[in-house]
Structures are given as C-alpha cells and as structure tokens.
Amino acid sequence: MATDRRASWLKGVLDLLVLASLTKGENYGYEIAKMLAASGLGQIRGGTLYPVLNRLEEAGLVSAEFRVTERGPGRRYYRLTEQGRQTLAEQGRLWLAFDESVRTMLASGGLK
C-alpha cells in the first residue's frame with residue numbers, strides 16, 4: 001500500500017504558502033487557514049498554523065498586531081514585512097525551479 005506523502009510535502013512548504021497568503025494584505029489566522037483550504041491544500045489546523053506564524057514573526061518575515069473586536073475574542077492580524085516579501089520572492093523562485101525538476105523527473109518516468 002502506498003503512503004500518502006502530502007502532509008510531509010505541505011510541512012516543507014507551509015511557511016512559503018503562508019507568506020504568499022499575505023501578499024494581498026493583512027489577515028488573521030483563521031482566515032489564512034480558510035484561504036489555504038480553499039486553494040486545495042486541505043484543512044490546516046491551528047496547532048500547525050500558529051507555530052508557523054510565530055516562527056515567521058520571530059524571523060521578521062511578518063509583523064503581528066493584536067486587535068480587540070466589538071464581538072468575540074480579539075485577533076492577531078499578520079502583515080508581510082519587506083523582508084518577508086524578499087524571502088517569498090527568493091524562496092518562491094527556488095520552489096518553482098524545484099517543482100519543475102520534480103515534474104521533469106516524473107514525466108520521464110511516464111507520469112503526466
């Protein structure tokens with residue numbers, strides 16, 4: 001029986017996907033998770049997403065601001081920093097090159 005490796009693949013690229021999700025403006029964790037799910041990546045649980053957001057914040061790739069809401073709990077809004085934009089551009093190019101290499105190898109093995 002073949003092993004489904006999608007969770008491992010996602011783990012390796014989730015930081016990059018979270019950065020990409022913030023290119024159009026700030027957002028909070030739940031909405032980021034919904035955006036990722038809507039793109040076909042499946043449900044990203046808070047126990048996976050929030051450590052990624054914290055790591056990106058500590059690295060200076062995103063900034064965060066807590067805001068009190070009139071109804072319900074407050075939310076942390078995340079925004080891409082200039083360093084985050086540069087990292088996304090650099091790492092995004094590397095990922096696309098890697099993706100092309102994988103596609104080439106798979107195609108040479110008869111997969112399309």
Side-chain angles (χ1 to χ4, degrees):
M1 176 187 244
T3 302
D4 186 344
R5 297 207 173 281
R6 287 178 290 186
S8 296
W9 299 337
L10 181 60
K11 184 178 180 182
V13 74
L14 188 55
D15 290 19
L16 188 60
L17 297 174
V18 169
L19 292 176
S21 77
L22 294 170
T23 57
K24 292 189 168 112
E26 67 183 12
N27 219 334
Y28 56 97
Y30 179 70
E31 287 298 320
I32 293 169
K34 282 179 30 181
M35 187 182 308
L36 294 169
S39 71
L41 297 167
Q43 182 182 9
I44 310 297
R45 299 190 186 283
T48 299
L49 179 60
Y50 288 104
V52 169
L53 287 164
N54 289 335
R55 187 171 53 249
L56 294 173
E57 184 180 9
E58 288 173 7
L61 304 179
V62 300
S63 60
E65 177 186 345
F66 182 80
R67 295 186 193 153
V68 177
T69 59
E70 289 182 22
R71 296 187 317 179
R75 296 180 176 140
R76 266 177 91 72
Y77 282 82
Y78 298 89
R79 180 181 307 110
L80 202 54
T81 65
E82 185 54 38
Q83 183 182 355
R85 286 185 191 284
Q86 291 172 1
T87 298
L88 175 60
E90 293 165 5
Q91 294 300 310
R93 281 190 295 275
L94 292 171
W95 176 262
L96 291 174
F98 177 75
D99 174 69
E100 182 61 31
S101 297
V102 170
R103 287 173 184 266
T104 299
M105 285 301 301
L106 291 175
S108 72
L111 297 177
K112 298 191 187 237

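Quick note: numbers below take in every heavy atom, side chains included, and nothing from hydrogens, waters or symmetry partners. Nothing fancy with the numbering, it's 1 onward along the sequence.
- Side-chain heavy atoms closer than 4.5 Å link hydrophobic residues (I, L, V, M, F, W, Y) into clusters, and following such links, even through other members, never connects Leu88 to Met35.
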In a table with atom names and distances, give each donor-acceptor pair under 3.5 Å that connects a side chain of residues 54-64 to protein atoms at least two apart or in another chain.
{"unit_1": "Asn54", "atom_1": "ND2", "unit_2": "Tyr50", "atom_2": "O", "d": "3.3"}
{"unit_1": "Arg55", "atom_1": "NE", "unit_2": "Asp15", "atom_2": "OD2", "d": "3.4"}
{"unit_1": "Arg55", "atom_1": "NH2", "unit_2": "Asp15", "atom_2": "OD1", "d": "2.9"}
{"unit_1": "Glu57", "atom_1": "OE1", "unit_2": "Arg76", "atom_2": "NH2", "d": "2.7"}
{"unit_1": "Glu57", "atom_1": "OE2", "unit_2": "Arg76", "atom_2": "NH2", "d": "2.9"}

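- Heavy-atom minimum distance, Gly84 versus Leu19: O-CD1, 4.2 Å.
- For Arg5, there are no salt bridge (Lys or Arg N to Asp or Glu O under 4.0 Å) partners at least two apart in sequence or on another chain.
- Note on residues 85-98: no pairs pass salt bridge (charged side-chain N to carboxylate O under 4.0 Å, His left out), not counting sequence neighbours.
- Taken from CG in Asp99 to CG in Leu94, the straight-line distance is 12.5 Å, to the nearest 0.5 Å.
- The ring pair (Phe, Tyr, Trp, His ring centres under 6.0 Å) contacts involving residues 21-42 comprise Tyr28-Tyr77, where partners must be two or more places apart or lie in separate chains.
- With rounding to the nearest 0.5 Å, the separation of CD in Glu82 from OG1 in Thr87 is 9.5 Å.
- In terms of the salt bridge (Lys or Arg N to Asp or Glu O under 4.0 Å) criterion, Arg75 has no residue partners (sequence neighbours excluded).
- Within the structure, every pair that satisfies the side chain to side chain donor-acceptor pair (under 3.5 Å) test and touches residues 34-48, not counting sequence neighbours, is listed here: Glu31-Lys34.
- Taking 4.5 Å as the limit, every side-chain heavy atom of Ile32 sits out of range of all side-chain heavy atoms of Ile44.
- The distance from atom OG of Ser21 to atom CG of Leu41, rounded to the nearest 0.5 Å, is 10.5 Å.
- Cluster partners of Trp9, using a side-chain heavy-atom cutoff of under 4.5 Å among ILVMFWY residues and allowing indirect links: none.
- Nearest heavy atoms, Gly46 versus Pro51: O-CD, 3.6 Å.
- Residue pairs meeting the salt bridge (charged side-chain N to carboxylate O under 4.0 Å, His left out) criterion with at least one partner in residues 16-29, sequence neighbours excluded, are Glu26-Arg67, Glu26-Arg79.
- For residues 79-111, the ring pair (Phe, Tyr, Trp, His ring centres under 6.0 Å) pairs, not counting sequence neighbours, are Trp95-Phe98.
- Under the 4.5 Å side-chain criterion, counting only non-hydrogen atoms from C-beta, Leu14 is in contact with Leu36.
- Residues Leu16 and Gly92 come closest through the heavy atom pair CD1-N, 3.8 Å.
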